[in-house]
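Before any comments, here is the structure.
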Amino acid sequence: SKRGLTLADLLPKGWDFQKSDGSWLSTTELEGKTASNVTVAQLPIRKVTVTADRDVYQPGDTVVLTAHLETLPGASVGTAGPYYWVIDGSRMEAPPPGSPKDVYTLTNVRGGTHTVQCHVCDNGYTTTSEVSTFTVEQYDLTQGKITVNYGDPELGYFADSFCFSPETDSSAGTKITPSFTVTCNGKKLEKDLDYEIVSGGSGTDAGTYTLTLQGIRNYAGTLTQEWR
């Protein structure tokens, strides 16, 4: 068609071409070809919906996703073909052999809101669910604490609450990067795993700097601490 339409585009939603052996004719099989021994039939899987076992999770919780099929009355589908799960746009590995195909379990999911889709293949036809979401709550980094580790002269830290550069060959001074520890809810956090440095992570001129951290993965919010 000059308008770029295919025969499949002319079918009502939920209908497609079925071969005489009961399998379904893919769109690519129709391109530039004449199909014979096919009928127009209603697809047995009307809809796929994915639900999570909870609305909100905490970091470290196990997430259990289930695919629900809405089928034509009396249709026996979704038992032989594979299920493909896509989380945050990436296709996941197949569940272990013997596991229910309509259930997918996730562990150690990072904080934030995640998208999920399930593709159900049945007799040559694939039905894809709408995108659904689940949320893993993030810890509040603003409740944390930054401790600047003063007191190591060899590293350029002085015990009276300021950093210094004891030797320099430049009038501009030597760049100082303070050593610091971040804790939140009694846990020591790790750079690039729990937080990122936004600004104030180093300085050259004498003065007061503000170290600003941004929570990532299981942490949200910002945390600041002045250092000299």
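All heavy atoms count here, side chains included; hydrogens, waters and symmetry mates do not. Quick caveat: nothing in here was measured; it's all calculated off a predicted structure.
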> Do Thr71 and Pro44 come within less than 4.5 Å of each other through their side chains, counting heavy atoms only?
Replying inline: no
> Checking Arg54 against Phe134: charged group under 6.0 Å from the ring centre and within 45 degrees of the axis?
Replying inline: no
>> Quick check: closest heavy atoms across Tyr219 and Asp194, and the distance to 0.1 Å?
In response: CE1-OD1, 3.5 Å
> Which atom names give the shortest non-hydrogen contact between Thr115 and Val131, and what distance separates them?
Replying inline: CB-CG1, 3.8 Å
>> Please give me the minimum heavy-atom distance between Thr142 and Thr222, naming the atom from each residue.
In response: CG2-O, 3.1 Å
> Any chance the side chains of Ser90 and Asp88 put a donor and an acceptor closer than 3.5 Å?
Replying inline: no
>> Tell me the closest heavy-atom pair linking Asn218 and Gly111, and the distance in Å.
In response: OD1-N, 2.7 Å
> Can you check whether Tyr84 reaches Arg91 side chain to side chain, under 4.5 Å on heavy atoms?
Replying inline: yes
> How far apart are the closest heavy atoms of Val182 and Leu213, and which atoms are they?
Replying inline: CG2-CD1, 3.4 Å
> So, for Val48 and Cys118, which heavy atoms are closest and what is the spacing to 0.1 Å?
Replying inline: CG1-O, 4.2 Å
> Under 3.5 Å, is there a donor-acceptor pair linking the side chains of Gln214 and Glu196?
Replying inline: no
>> Quick one, His68 with Thr49, criterion side-chain hydrogen bond (donor to acceptor under 3.5 Å, both in side chains). Give me CA distance, side-chain angles, the key distance, then yes/no.
In response: CA-CA 5 Å; His68 307 273; Thr49 304; over 6 Å; no
> Does the side chain of Tyr139 reach to within under 4.5 Å of the side chain of Leu189, using non-hydrogen atoms?
Replying inline: no
> Any sub-3.5 Å donor-acceptor pair from Asp102's side-chain atoms to Thr66's backbone N or O?
Replying inline: no
> Does Asp55 CG have over 12 foreign heavy atoms under 6.0 Å away?
Replying inline: no
> With a 4.5 Å limit on heavy-atom distance, are the side chains of Val136 and Asp61 in contact?
Replying inline: no
> Only one of Val198, Thr210, Leu211 forms a side chain to side chain contact (heavy atoms under 4.5 Å, CB included) with Thr224, so which one is it?
Replying inline: Thr210
> Taking atom types as modelled, is there a side-chain donor on His119 or Thr126 under 3.5 Å from an acceptor on the other?
Replying inline: no
> Are any side-chain N or O atoms of Trp227 and backbone N or O atoms of Gly200, one a donor and one an acceptor, separated by less than 3.5 Å?
Replying inline: yes
>> Checking Thr181 against Asn149: is there a side-chain donor and acceptor pair closer than 3.5 Å?
In response: yes
